[in-house]
Amino acid sequence: MASINFTPDKLIHHIEDGSRLIEVCDEISVSLAFGCTEGSCGVCELTVLDGKSNLSKITDEEKNYLLPEDLEEGMRLGCQLKIRQGDVSLTWEKSKKS
Ligand code: FES
């Protein structure tokens, strides 16, 4: 069992290990938005506050879209993420590019 803390929505949701974030967000009401769902638009950009090591590996799409220093700070593309196990805490309020 894994869990996601959607901090902007003050919501913690329990999920099966290995769930795709985009599918979880389809099922529940959270304010994280998705666009292309393929890792090329950046609409789903978020920051991992806790549990980086519980997430799937950084994809080529994320390496292409995000800067290395952004990845280092915990930014990811939500459409690319799977929660492998354990607890993960996410935010996206300040992660949008201006
Ligand atoms: S929805 Fe477009 S990059 Fe994730």
Side-chain angles (χ1 to χ4, degrees):
M1 186 68 94
S3 81
I4 310 173
N5 185 347
F6 296 94
T7 58
D9 297 321
K10 298 182 174 51
L11 176 76
I12 295 175
H13 189 69
H14 295 277
I15 53 169
E16 295 291 320
D17 289 350
S19 298
R20 292 189 64 203
L21 179 66
I22 193 168
E23 288 172 3
V24 174
C25 292
D26 256 2
E27 289 165 13
I28 59 173
S29 178
V30 289
S31 59
L32 178 62
F34 293 91
C36 68
T37 73
E38 293 173 352
S40 58
C41 74
V43 167
C44 64
E45 202 175 291
L46 54 78
T47 301
V48 183
L49 299 175
D50 272 313
K52 273 190 216 181
S53 61
N54 293 335
L55 295 169
S56 50
K57 283 197 299 185
I58 293 168
T59 64
D60 289 342
E61 286 77 6
E62 291 177 286
K63 286 181 192 154
N64 287 338
Y65 189 84
L66 296 166
L67 299 171
E69 52 266 40
D70 289 344
L71 287 165
E72 190 65 29
E73 282 175 13
M75 282 194 186
R76 300 290 303 264
L77 295 175
C79 65
Q80 303 292 300
L81 290 188
K82 273 189 195 168
I83 294 75
R84 296 190 299 124
Q85 59 184 17
D87 301 333
V88 175
S89 182
L90 307 175
T91 190
W92 52 87
E93 284 177 317
K94 291 181 184 160
S95 63
K96 301 289 179 207
K97 290 196 169 145
S98 55

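Whatever order the structure lists them in is the order used to number ligands and atoms, beginning at 1. Worth knowing before you read on, the calculation uses all heavy atoms, side chains too, and leaves out hydrogens, waters and symmetry mates.
- With sequence neighbours excluded, the residues forming a side chain to side chain contact (heavy atoms under 4.5 Å, CB included) with Arg20 are Ile22, Glu23, Lys82, listed by chain and number.
- Annotation: protein N, O or S atoms under 2.8 Å of atom 2 (Fe) of ligand 1 (waters excluded) comprise Cys36 SG, Cys41 SG.
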query: Between Leu21 and Leu90, does a side chain to side chain contact (heavy atoms under 4.5 Å, CB included) hold up when you go through it step by step?
result: CA-CA 11 Å; Leu21 179 66; Leu90 307 175; 4.0 Å; yes
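- Between Glu61 and Asn64 there is no side-chain heavy-atom pair separated by less than 4.5 Å.
- For the pair Glu73 and Leu66, the minimum side-chain heavy-atom distance is 4.5 Å or more.
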query: Ile15 and Ile4: side chain to side chain contact (heavy atoms under 4.5 Å, CB included), yes or no, with the steps?
result: CA-CA 8 Å; Ile15 53 169; Ile4 310 173; 3.8 Å; yes
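- For the pair Val43/Trp92, no side-chain contact is recorded, criterion being any heavy-atom separation below 4.5 Å from C-beta on.
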